[in-house]
Amino acid sequence: MSATADDLPAVRSAEALYTAWEEQHWSVGALPFAEDAAGWNELSSFWRDELLGAIRELHAGEVAVTETLTPLIDFAHTPADRNYLCTQIADEARHVAFFDAYLEAVGAIADVRAAADLATYQDVFEPALRRATGAVREEPADPGRWYAASVHYHLVTEAVLGVTVLRSTRQFARRVRVELPALEQGLTNLARDESRHISFGLASARRGVADGHGEPILEAYTAAIKLAARVLVGPDRRSAAPVVPAALRARAAQIEGQWGVARDRVARNLGLIGLEDAVDGVVTAWDEAREAALDDYEATFGAPHPVRQAQALGAGAAR
Amino acid sequence: MSAVDLEHAAAEVRRLVGQMSPLGPREPASEDRIIEDLGYDSLAIVEMAMTLETELDLDRIPEEAAIDVVTVKHLEELVIGILRRREDAS
Ligand SMILES: [Fe+2]
Ligand SMILES: [Fe+2]
């Protein structure tokens with residue numbers, strides 16, 4: 001059912017990723033946080049809320065991946081993989097330090113720590129990530145478990161959710177009318193680091209598929225992307241739905257654009273690891289999970305999600 | 001809601017749309033087109049609409065009232081329509 005590893009585009013080896021890491025260091029302490037602190041005070045409350053919501057999700061994701069990587073390191077399949085993964089955990093710690101320092105600088109760390117509700121990622125995805133990585137320790141001799149954990153970690157948290165939220169946050173940060181150079185530089189550095197992490201995940205999963213572990217990999221991927229669709233919809237978090245139709249449509253288009261980016265990644269990852277044949281089934285599972293999350297949103301808030309409100313508004317009201 | 005209040009709301013709409021224009025703060029005319037004349041793109045429209053809703057405490061509008069907005073005048077009418085409906089409902 002799968003393409004052979006030779007047919008697929010090249011991905012960087014663990015050795016090459018280690019070398020790239022040595023050349024791509026950056027320092028949280030060197031970022032101009034004071035400039036962002038000044039800029040942050042000039043942001044409209046709309047943009048402050050939008051950015052803070054996104055940063056909070058990214059922060060929660062970074063904390064979760066920092067806490068869950070060690071089983072993958074302990075039971076890495078080769079010494080080169082282990083060396084690479086040790087660089088990754090240093091990166092993840094740096095990412096947590098970056099968001100901590102950022103939230104502190106703009107005066108939002110206390111609010112984030114005191115928030116009564118969890119970030120959507122923590123609520124919806126993190127338990128599955130913890131289960132999948134914890135299962136590696138319980139049965140280290142089962143390579144399927146290692147691959148299933150790496151799928152939750154690298155292919156879905158990083159290559160679907162991380163990429164998507166990082167991208168939209170960077171767009172927001174560039175779009176606001178005040179300068180936020182520490183955020184801009186920090187997120188650029190983060191994106192570079194994440195691209196190494198994702199390369200490793202794709203190379204590992206591809207090797208897993210080639211070695212006959214396609215089934216647990218696909219099973220884990222399907223389960224994880226359903227949760228990822230739910231994270232992006234955020235059925236337990238009210239999403240602002242403007243009453244001005246043009247604004248509602250623009251808002252819905254912005255959200256749907258983000259979902260579309262994630263959906264493309266979901267499909268593309270499968271092609272890159274040699275599971276091209278599974279794309280249709282997995283994308284259908286993604287769409288169904290998104291619709292179910294939208295139903296749940298409506299049940300919770302007694303009003304449709306802005307994306308559904310915009311659909312109901314239809315093209316009829318357009319001028 | 002009195003005519004004075006509605007006139008005040010319309011003036012508030014004009015003030016906010018002018019203040020938040022991506023081209024820089026200005027005093028817009030009712031005939032000004034929000035996208036073409038005042039430089040709004042889709043994200044700026046969302047930001048402006050959300051601010052307007054917070055400041056004027058607007059709630060969801062029924063679908064049949066959802067006229068679309070091209071000019072500042074359309075936006076004033078939409079807001080006044082929402083405020084009137086709320087008045088009628090209470
Ligand atoms: Fe990270
Ligand atoms: Fe990462």
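Residue numbers start from 1 in every chain, and the chains themselves are labelled A, B, ... in the order their sequence lines are given, proteins ahead of strands.
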Handout entry: Minimum side-chain heavy-atom gap B:H74-A:V244 below 4.5 Å
Key = no
Practice task
Please tell me if the side chains of B:S42 and A:Q254 come closer than 4.5 Å, counting only heavy atoms from C-beta onward.
Solution key: no
Exercise for the section: Answer with side chain, backbone, both or neither: which region of A:R175 has an atom nearer than 4.5 Å to a non-hydrogen atom of chain B? Expected result: side chain
Practice task
Taking atom CD of A:E256 as the centre, report whether more than 12 heavy atoms of other residues, nucleotides or ligands fall under 6.0 Å from it.
Solution key: yes
Handout entry: Over 12 foreign heavy atoms within 6.0 Å of CZ, A:R167
Key = no
Completion exercise
side chain to side chain contact (heavy atoms under 4.5 Å, CB included) test vs A:V243 passes for just one of B:L56, B:L52, B:L58, namely B:L58
Completion exercise
Most heavy-atom pairs under 4.5 Å with chain A, out of B:L43, B:T54, B:I34, belong to B:L43
Practice task
Kindly compute the distance separating CG (A:L248) from CD1 (B:I45), expressed to the nearest 0.5 Å.
Solution key: 12.0 Å
Handout entry: Interatomic spacing from CE in B:M50 to CD in A:E50 - rounded to 0.5 Å
Key = 8.0 Å
Practice task
Could you tell me which non-hydrogen atom of B:V46 sits nearest to which non-hydrogen atom of A:A247, and how far apart they are?
Solution key: CG2-O, 3.5 Å
Completion exercise
residues 31-46 of chain A vs chain B, non-hydrogen distance cutoff under 4.5 Å, contacting residues -> A:S44, A:F46
Fill in the blank from the handout: Bottom line for B:E53: the part with an atom under 4.5 Å from chain A's heavy atoms is side chain
Completion exercise
Among residues 15-33 of chain B, residues within the sub-4.5 Å heavy-atom range of chain A, in order of number, are B:M20, B:S21
